[in-house]
Amino acid sequence: MPDALSIIVVEADRERAFMIVDGLREAGNFDIQVISEAAGLARRVQARDPDVVLIDIENPSRDMLEELALATGPKERPVAMFVDRSEDGLSAAAVEAGVSAYVVDGLQPARLKPVLDAAIARFRMFQRMRIELAEAKRALEERKVIDRAKGMIMKARGIGEDEAYALLRKTAMGQNKRLADVAQALVTAAGLLS
Amino acid sequence: MTGTVIPAGFVPLADAAPLIIAQEIGFAAEERLTLDLRRAPSWSSLRDMLAFGQVDAAQMLAPVPVAAALGLGGINAEFSVLSVLSVNGTVIGVSRRLARKLAAIGHRFTFDDAAAAGRDLIAAAGRDLRIGVPFPFSMHAELLKYWLTALGLAPPQEADIVTVPPPLMADAIRSGEIDAFCVGEPWGSMAVEQGAAVLLLPGRAIWSFAPEKVLAVRSTWAETESDLSSRLIRVLWRAGRWLSDPSSRGLAAEILSSPRYLDLPAEIIERAFSGKFTVTPQGQQRQTAGFVEFHSGAAGFPWQSQAQWIALQLAERNGIDRSKAVEAAGRVFRSDVYRAALSRTGADLPSASSKLEGALAGEIVVAGESGPFNLLTNRFFDGRVFDPQAEC
């Protein structure tokens, strides 16, 4: 059994870094370190000389790691590269999920796979959480706007809450629009007129 | 959405303008195309997005597809360059500390003399010069290496060229991690606005006709989608023509400033288009003609000789056979595809696909496929001439 792979995770967001580290711990026995700052990234990675570096594709500092690709010259083993091209499906999945991996020391693809699988799973989970949070926020915003529109209609027409809501719904259906969009249009128009 | 949708990637820079303008002003729609524009956070991620099919076309640093063809940089993908997107457009800046040293030895910051600026820079900084560039494979890195080596300070032994993402350039120079940078606009001007840097030179002072960004596609895509490739080339040519009209500058800067694209002030973006720069945090102004070129002088034409110049610089540093480099470069820049796409449109097309690089001290009129047109000044600051014939 070879020694535990050493992995550096480059991630500024603490929570996210924890999540990735947890995911990696579940996937195997790795020696994991987290770097949270962009300054001198390539230098610090080089100093620690890990087997694998994991970084978010959205992180602009990723370009700093490309330098390592040239650090030891093209004649030696592949140094720093985007996930091994022999696993094309895995590379594409990694790009989809937003994770990029640098193999700092030429490494068997088979040893890299569990690392990437775990990282991809965690990145996906984080993306999903972010989308769900954004959707929950939007739903809340929309409910607020609908309530305001309802209130305006009730006041302007002197009708009850249920009736105002029914009117909004009917208008939305008649115009083939979303309820929240019709409500927003009303609130905006009222803002312009007042 | 009009016609065929092409997912296309860009990095937030002033010279992403041709792609953004092509979509926003409607040149894409004229060819029944919609560019689904995706902003990429870094060059390596844009390269990977293109390699793995998340986008079909991408703004790219001119040396990236050439490096890939030479097997450099860890990615094993084949890219084709359909068009040059922009010529020149980078700026060299120094830290305020280094600017004070330069002033102390009498440098006058004229913003146009690469030989004088380089000599003074070397005298002021000594041998520990650290310069930031956006990416290891970039015209920024090539220009700096050419410039400093010619003046007797050869990187990497005598000066460090390190990678710093453009949005972090101001921080890196303020914190002393780098002493100078070469970066695409508006990031040089942003560093000045943030009080971190003084601009020393436009990149064009080193090579006045340097291919900066190109439109890259996967080589397999260029083969199977030859009709889309042609339409894309025509769209970008029209966008470049629109951008070359001085009356377009304000609107172009306004469009690029939107949160979807650069998300930076239009006034700062416009400096690249007008060539009117604020070079010091105190507000000193310099004017430079032709800071970035999108159209004139057949700027979009992907010359074989441009690719060969890049390939030979890379080959020399990485111990790659010269004839192999020249051959690989010839496959990457698709002069033939570009020519076919624009024949019979009245576009200026040179009759040759290769030229001497660095041999034009001023504009000259040359014969073209559809009549004579002007080639712009093409000169290296040290007067050297690159003859691709001599390399074959």
Once you round to the nearest 0.5 Å, how far does CH2 of B:Trp309 lie from OH of B:Tyr146? 7.5 Å
Out of B:Ala172, B:Pro165, B:Pro167, B:Ser175, return the one with the most heavy atom pairs under 4.5 angstrom to chain A. B:Pro165
Residue part contacting chain A, namely of B:Leu70, when any heavy atom lies under 4.5 Å: neither
Can you say whether B:Val11 sits under 4.5 Å from chain A via the side chain, the backbone, both, or neither, judging by heavy atoms? neither
Taking atom types as modelled and ignoring hydrogens, do the side chains of A:Asp63 and B:Ser44 form a donor-acceptor contact shorter than 3.5 angstrom? yes
Heavy-atom cut-off 4.5 Å, strictly under: side chain, backbone, both or neither for B:Pro156 against chain A? neither
Any ion pair linking B:Glu177 and B:Arg130 (charged N to carboxylate O, less than 4.0 Å)? no
Test item: side-chain donor near acceptor, B:Glu185 and B:Ser189, under 3.5 Å: yes
